[in-house]
Amino acid sequence: MSTSDAQPLIQMQGVNKFFGSFQALKNINLEVRKGERIVVCGPSGSGKSTMIRCINRLEDHNDGHIIIDGKELTDQVKDINAVRREVGMVFQSFNLFPHMTIVKNLMLAQQLVRKIPKAEARETAMHYLKRVKIPEQAEKYPIALSGGQQQRVAIARALCMKPEIMLFDEPTSALDPEMINEVLEVMVDLAKEGMTMICVTHEMGFARSVADRIIFMDEGEIVEEAAPAQFFDNPKSERTKKFLSQILSH
Amino acid sequence: MSFDLNLIAESLPMMLMGIGITFKLLIISGFLGLTLAIFLLLMRISGRWYLSFPAQVYIYVFRGTPILVQIFIIYYGLPQFETVRDSIFWPILREPMGCAILALTLNTGAYVSEILRGGVLGVSKGILEAGSALGMSVRQKFIYLTAPIAARLALPAYSNDVISLLKSTALASTITIADMTGIARTIVADTYAPYEIFISLAIVYMIFTFGIQKLFGVIERYLGRYTQREG
Ligand SMILES: Nc1ncnc2c1ncn2[C@@H]1O[C@H](COP(=O)(O)OP(=O)(O)OP(=O)(O)O)[C@@H](O)[C@H]1O
Ligand SMILES: [Mg+2]
């Protein structure tokens, strides 16, 4: 991408986040340009989820500014909704709506939030189900699908909203090993199409081949931020080295 | 002691004439009670103390006192107030039937709202977060996610409450209402055969309870079709 001089799609400036007296995010500064693919990693409890959940306001930040495509996140419901329309999110635990069929899962928010007529919503839903390669599951309930299939549905559901940005919070860590690849493949496809993505993941193969930048967090801070080659082969911080040695040793 | 089958054969049809009243009590107070319960629930989960606190007090009062006492207070107590006699509700409160329905409604509403709240608390946070992330409003999440999932979760406990309500309708007979129990008591007063009459009455209630259970079983299977992997 050669949009380096354009305004970043995501800007986090001096963001602090507290849970009570515990500081989960410490002075986070992050810029993501359109089309960039960011992988976030770090030990458990380091604030990875909290950081990306601030981007679509599932958590509110205490200090600093978060600006998405020029719109600053404030307490205003209007701003929050405007940002959420542009940001899709995929969760570790899929979070499909259990009481609706797969295709209804994909149609609901299109109809309610984007006010798309039913027939068109269904068409869009089927389009994205084909893209994640499970159109034949459309009329089933989520419980009838495997974890890998459910996660692909969750990705398709987010894509139906035509987001500018996709956030992934450990999308493969609740999956059995044989299902991880089918989900990663979908994510790789998305990356190839130029989707702006922030992925919290410990899939280092994915990080190495897909990411433009890798961000390493520890204790609520961004400790290191580098291109994959640099990050894996020549990390600057001792904490990064220690983390990499732990995660790559098995 | 002998068991007079003839007497049962004669009195059963008479008791069954009270079915209409029993069902009227059950269905009207069941429906109004559910409506009240939903209002109380919305007040309780509104997150505003001036709504949730009164709801909590209401629930505490009506769960903390015997329904028979509530019926007596409404039937014998309310007419003592002139404002009640002058109000538009007097035509209802003047009748024992109106009092019984009111008491049963107020009582079941308190219980059912707690049952529904249990269902709401059972809806997983992740599902609602997914709704938020898709841009759904608080109201949309409640209508399309929380309500249907909570209804399914609350259904078994709710069916218990409907069965309780069926049995509570018998208390209406204490304020002169001729429901099945009321008729049975009249027959017993005439025949001095409490054993036969009340046992047959008990069996009739059991049959209805069985029917209600079956009905809710069907509804549970329908609403819960998404919880089974087959089908
Ligand atoms: N709702 C909350 N209330 C209180 N503390 C919280 C809350 N959410 C997160 N935390 C704390 O904030 C810190 C960061 O949590 P976060 O979930 O962002 O970590 P993470 O890097 O995503 O970890 P993991 O790899 O385990 O998912 C943790 O110490 C966690 O206990
Ligand atoms: Mg996390």
Side-chain angles (χ1 to χ4, degrees), chain A residues 49 52-53 55-59 77-78 80-102 104-115 139-146 150 153-155 157-163 165-169 174, chain B residues 34 38 41-42 45-48 51 115-159 216-231:
Chain A
S49 299
I52 67 167
R53 288 162 58 85
I55 294 174
N56 66 350
R57 197 67 169 192
L58 289 183
E59 305 286 356
V77 176
K78 253 179 75 182
I80 295 171
N81 287 341
V83 165
R84 282 179 178 166
R85 263 197 294 278
E86 298 200 15
V87 181
M89 184 157 191
V90 175
F91 301 84
Q92 181 174 356
S93 49
F94 327 138
N95 294 343
L96 296 183
F97 306 139
H99 59 303
M100 295 180 176
T101 59
I102 298 304
K104 289 271 167 59
N105 261 270
L106 272 63
M107 291 163 66
L108 182 69
Q110 291 189 64
Q111 292 178 264
L112 293 178
V113 180
R114 294 183 55 222
K115 314 285 180 211
E139 301 304 330
K140 293 191 184 159
Y141 286 99
I143 196 172
L145 272 60
S146 73
Q150 290 195 43
V153 171
I155 295 172
R157 180 175 68 179
L159 292 176
C160 281
M161 303 302 284
K162 310 272 165 77
I165 299 163
M166 283 287 285
L167 307 174
F168 293 84
D169 192 357
Chain B
L34 182 59
I38 292 170
L41 169 76
L42 293 175
I45 63 175
S46 65
R48 306 204 177 104
L51 293 174
I115 289 171
L116 297 180
R117 196 170 71 95
V120 167
L121 294 178
V123 178
S124 96
K125 202 168 143 269
I127 288 168
L128 298 176
E129 281 188 347
S132 302
L134 288 163
M136 292 169 67
S137 68
V138 173
R139 177 192 293 254
Q140 289 170 337
K141 283 185 290 181
F142 186 82
I143 296 173
Y144 294 95
L145 305 179
T146 305
I149 296 172
R152 168 65 189 85
L153 293 174
L155 203 59
Y158 179 66
S159 76
F216 274 96
V218 171
I219 299 174
E220 254 172 64
R221 271 194 300 284
Y222 176 72
L223 287 184
R225 63 203 182 284
Y226 62 81
T227 60
Q228 261 88 43
R229 288 204 80 155
E230 302 321 310

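Not measured: the values here are computed from a predicted model. All chains are named by letter (A, B, ...) in the order of the sequence lines, taking the proteins before the strands, and each is independently numbered beginning at 1.
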Asks: Measure A:Arg53 against the heavy atoms of chain B and call it side chain, backbone, both or neither at under 4.5 Å.
Replies: side chain

Asks: At a 4.5 Å cut-off on heavy atoms, which part of A:Ile80 comes close to chain B: side chain, backbone, both, or neither?
Replies: neither

Asks: Using a 4.5 Å cut-off on heavy atoms from C-beta on, say whether the side chain of B:Leu145 contacts that of B:Val123.
Replies: no

Asks: Less than 4.5 Å to any heavy atom of chain B: does that hold for the side chain of A:Leu167, its backbone, both, or neither?
Replies: neither

Asks: Counting only heavy atoms closer than 4.5 Å, note whether B:Ser137 contacts chain A via side chain, backbone, both or neither.
Replies: neither

Asks: Is there a side-chain contact between A:Ile155 and A:Phe168 (heavy atoms, below 4.5 Å)?
Replies: yes

Asks: Anything under 30° is parallel, anything over 60° is perpendicular, the rest tilted; go ahead and classify A:His99 against B:Tyr226.
Replies: perpendicular

Asks: Go through the atoms of A:Leu108 and report whether side chain, backbone, both or neither lie under 4.5 Å from a heavy atom of chain B.
Replies: side chain

Asks: Measure the CG-CG distance between B:Leu116 and B:Leu155 for me, rounded to the nearest 0.5 Å.
Replies: 10.0 Å

Asks: Hey, are the side chains of B:Ile219 and B:Tyr158 touching, using non-hydrogen atoms and a 4.5 Å cut-off?
Replies: no

Asks: Heavy atoms only, distances under 4.5 angstrom: which of A:Ile143, A:Val90, A:Asn56 has the most pairs with chain B? Name it, please.
Replies: A:Ile143

